[in-house]
Amino acid sequence: MAIELLTADDAIARIKLCAATGEIVLGVDGIEASAGRRIGRLDLILDLSAQGITPEAAEQEAIRFVRTHSASNLLFDVVTQRAENVAERPG
């Protein structure tokens with residue numbers, strides 16, 4: 001799994017692209033960029049993987065999360081999974 005750090009606008013665009021590409025948003029992580037360092041913020045983690053919500057609702061919640069927490073020093077990693085692989089997850 002690759003981590004792709006995105007600005008708030010790019011993260012929202014990536015989230016919106018999920019429906020068109022057959023992906024489901026499983027979560028969003030906020031990363032603080034400061035003095036050339038990247039620090040994962042435990043208070044900026046949105047985990048949608050365990051919630052029994054629709055892909056559309058996950059997309060809306062992820063966009064709301066990014067908009068609520070967007071700041072000039074924050075980057076976001078959007079965690080996704082192809083829709084056909086979701087049924088294969090153990091749990």
Side-chain angles (χ1 to χ4, degrees):
M1 175 179 358
I3 294 176
E4 184 178 16
L5 299 179
L6 306 167
T7 64
D9 289 341
D10 288 342
I12 290 170
R14 176 70 180 94
I15 292 164
K16 290 179 178 180
L17 183 64
C18 285
T21 60
E23 292 179 283
I24 296 172
V25 178
L26 298 178
V28 179
D29 298 327
I31 311 293
E32 185 175 343
S34 177
R37 295 177 44 195
R38 306 287 189 255
I39 303 168
R41 297 263 309 264
L42 294 177
D43 60 325
L44 293 178
I45 296 173
L46 175 66
D47 182 4
L48 300 168
S49 65
Q51 300 179 25
I53 62 175
T54 65
E56 295 80 12
E59 177 184 336
Q60 292 172 4
E61 184 63 26
I63 290 171
R64 184 174 21 258
F65 178 84
V66 171
R67 284 187 176 145
T68 299
H69 298 290
S70 65
S72 62
N73 67 330
L74 290 179
L75 299 171
F76 297 91
D77 177 35
V78 179
V79 181
T80 63
Q81 184 171 15
R82 298 226 27 102
E84 64 268 14
N85 294 336
V86 171
E88 299 171 10
R89 284 189 295 151

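Here the structure is a predicted model, which is why all the values come from computation and not from measurement. Heavy atoms only: backbone and side chains are in, while hydrogens, waters and symmetry mates are out.
Closest of all the heavy-atom pairs between Val25 and Ala58 is O-CB, 3.7 Å. Here the closest non-hydrogen pair linking Ile31 and Gly40 is CD1-CA, 3.9 Å. The minimum heavy-atom distance linking Asp43 with Arg41 is given by the pair OD2-NH2, 2.8 Å.
Atom CG of residue Asp29 and atom CG of residue Leu44 lie 9.0 Å apart, to the nearest 0.5 angstrom. For the atom pair CG (Asp10) and CZ (Phe76), the distance works out to 11.5 Å, reported to the nearest 0.5 Å. Here Lys16 contributes atom NZ and Gln60 contributes atom CD; the two are 11.0 Å apart, rounded to the nearest 0.5 Å. Atom CD of Glu59 is separated from atom CG of Leu17 by 9.5 Å, given to the nearest 0.5 angstrom. Here the CD atom belonging to Glu56 is positioned 9.0 Å from the CD1 atom belonging to Ile24, to the nearest 0.5 angstrom. The line from CD1 of Ile3 to CG of Leu75 is 12.0 Å long, rounded to the nearest 0.5 Å.
When the side chains of ILVMFWY residues are joined at heavy-atom separations under 4.5 Å, either directly or via intervening members, Ile45 and Val79 end up in two distinct hydrophobic clusters.
Listed for the Arg82 side chain is a donor-acceptor partner under 3.5 Å among the backbone atoms of Thr21.
Checking Ile15, Leu48, Val28 one by one against Glu61, the side-chain contact (heavy atoms from CB on, under 4.5 Å) holds for a single residue, Leu48.
In this structure the side chain of His69 never reaches within 4.5 angstrom of the side chain of Leu46, judged on heavy atoms. Looking at heavy atoms from C-beta onward, Glu32 lies in side-chain contact with Leu74 at the 4.5 angstrom threshold.
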